[in-house]
Amino acid sequence: MSRLAPTRRRLITAGAAAVGGLFLPGCDRLSRAPSFRTFLDSAEGLSYRAQRLLQLGQPLAREFEPRFLSPTFRTNGTALPASPNYQVMADQDFRGWTLRVDGQVMRPLNLSLDQLKAIKARSQITRHDCVEGWSAIGKWTGTPLSAVLEAAGLKPDARYIVFHCADAMSDQPDGTDFYYESIDLIDAFHPQTMLAYALNDKPLEIGHGAPVRLRVERQLGYKHAKYVMRIEAVDSFAKIGMGKGGYWEDQGYEWYAGI
Ligand SMILES: Nc1nc2c(c(=O)[nH]1)N[C@H]1C(S)=C(S)[C@@H](COP(=O)(O)O)O[C@H]1N2
Ligand SMILES: [Mo]
């Protein structure tokens, strides 16, 4: 190895130190939270730290001008949740839908779509990358997740945010294996991370996750949970699903693969 090339170990240590000194608005206390430090220092945090190091140089996902919008934005995975509960809500234009925010929060919330929209809004034109080998550029409008989490107030033990979805992945539509995903607090408070309710200035279609889906722009497609019903702040996701942090993670995908 050349003398100039830092060793993997040194790079990773530098990454941990850099993440430790993080600067993100709304979560400057994050790096000092003891549980987060322990995770960063542990062996299981290794590829996670390496990915975070890479992202320090480019904190925002690229945003595009409208002329780059894809003429069509395909759907992938569930296109219509089979659950009768979901279909009743869809038939009523999601007037009966509420977003539950609970777990390690000071103030659990039940937000209607209108209440969610009233908190704050942001739009961004970004590129979605699916591991199956397709990409599409779309304009997303939604409520920054940070604003929702600030309204609920995270308790000191909160380490991850879990998104519980309306679509069951087995044949039983109201079974227990609903699609779910989880992200760390760096992504949760990232300025482009949002609960999106519109795509290309139109209310989100059912195929794209109506009424609300996650956009977590620096991550791969499967982390962008559609049909979000409940947001749970947790100190560990070991007991959720099969314990790997998401439906696809439980099938072997990386929790944080990066792009
Ligand atoms: N609830 C839920 N969310 C999901 C999925 C799913 O099947 N169910 N598929 C994921 C995958 S693999 C991708 S690429 C995107 C696709 O989003 P789109 O259908 O809006 O293109 O949603 C992600 N979120
Ligand atoms: Mo995907």
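Read the numbers this way: they start at 1 and go in the same order the structure lists the ligands and their atoms. Heavy atoms only: backbone and side chains are in, while hydrogens, waters and symmetry mates are out. Positions are given from 1 along the sequence.
Of the protein's non-hydrogen atoms, the one nearest atom 24 (N) of ligand 1 is His224 O, 3.0 Å. Among protein heavy atoms, the minimum distance from atom 7 (O) of ligand 1 is reached at Thr78 N, 2.9 Å. Protein heavy atom in closest approach to atom 19 (O) of ligand 1: Lys226 NZ, 2.6 Å. The shortest contact between atom 13 (C) of ligand 1 and any protein heavy atom is with Gly221 O, 3.6 Å.
Every atom of ligand 1 is numbered from 1 in the order shown, and the set under 4.0 Å from a heavy atom of Cys130 is 14 (S). Listed by number with element, the atoms of ligand 1 under 4.0 angstrom from any heavy atom of Cys165 are 1 (N). Atoms of ligand 1 lying under 4.0 Å from any heavy atom of Gly77, numbered from 1 in the order shown and given with element: 7 (O). Heavy-atom proximity to Tyr227, at under 4.0 Å, picks out these atoms of ligand 1: 1 (N). When each atom of ligand 1 is checked for a heavy atom of Arg74 under 4.0 Å away, the hits are 18 (P), 21 (O).
We find the CG-CG distance between Leu149 and Leu185 to be 8.0 Å, quoted to the nearest 0.5 Å. With rounding to the nearest 0.5 Å, the separation of OG1 in Thr126 from CZ in Phe64 is 8.0 Å. One finds the CD atom of Gln219 at 7.5 Å from the CG atom of Asp184 (value rounded to the nearest 0.5 Å).
For the residues Met229, Arg215, Arg213, Lys223, the heavy atom positioned nearest atom 17 (O) of ligand 1 is part of Arg213. Across Phe178, Tyr222, Phe163, heavy-atom proximity to atom 12 (S) of ligand 1 is greatest for Tyr222. Comparing heavy-atom distances from atom 4 (C) of ligand 1 across Trp140, Phe73, Tyr179 singles out Tyr179 as nearest. Of the listed options Asp167, Leu199, Asp129, Val131, Asp167 places a heavy atom closest to atom 8 (N) of ligand 1.
Summarising the geometry of Ala166 relative to Pro81, their closest heavy-atom pair is O-CB, 4.1 Å, with the distance given to 0.1 Å.
Heavy atoms of His128 approach ligand 1 to within less than 4.0 angstrom. Remark: distances from the non-hydrogen atoms of Trp134 to ligand 1 include one below 4.0 Å. Proximity of Gly207 to ligand 1 is established by a heavy-atom distance of less than 4.0 Å.
In this structure, Phe178 has its ring center no closer than 6.0 Å to that of His164. Ring centers of Tyr86 and Tyr227: under 6.0 Å apart, within the cut-off. Aromatic pair Tyr197/Trp140: centroids not less than 6.0 angstrom apart. Between Tyr253 and Tyr222, the distance separating the two ring centers is shorter than 6.0 angstrom.
At a 3.5 angstrom cut-off on N or O pairs, Trp248 does not count as close to ligand 1.
Residues Tyr247 and Asp177 bring no donor and acceptor atom of their side chains to less than 3.5 Å of each other. Looking only at atom types and distance, the side chain of Gln192 has a donor-acceptor partner in the side chain of Glu63 under 3.5 Å away.
Between Phe237 and Tyr160, the ring planes lie tilted relative to each other; the angle falls in the 30° to 60° range.
Heavy atoms of His208 found under 4.0 angstrom from ligand 1 belong to the backbone as well as the side chain.
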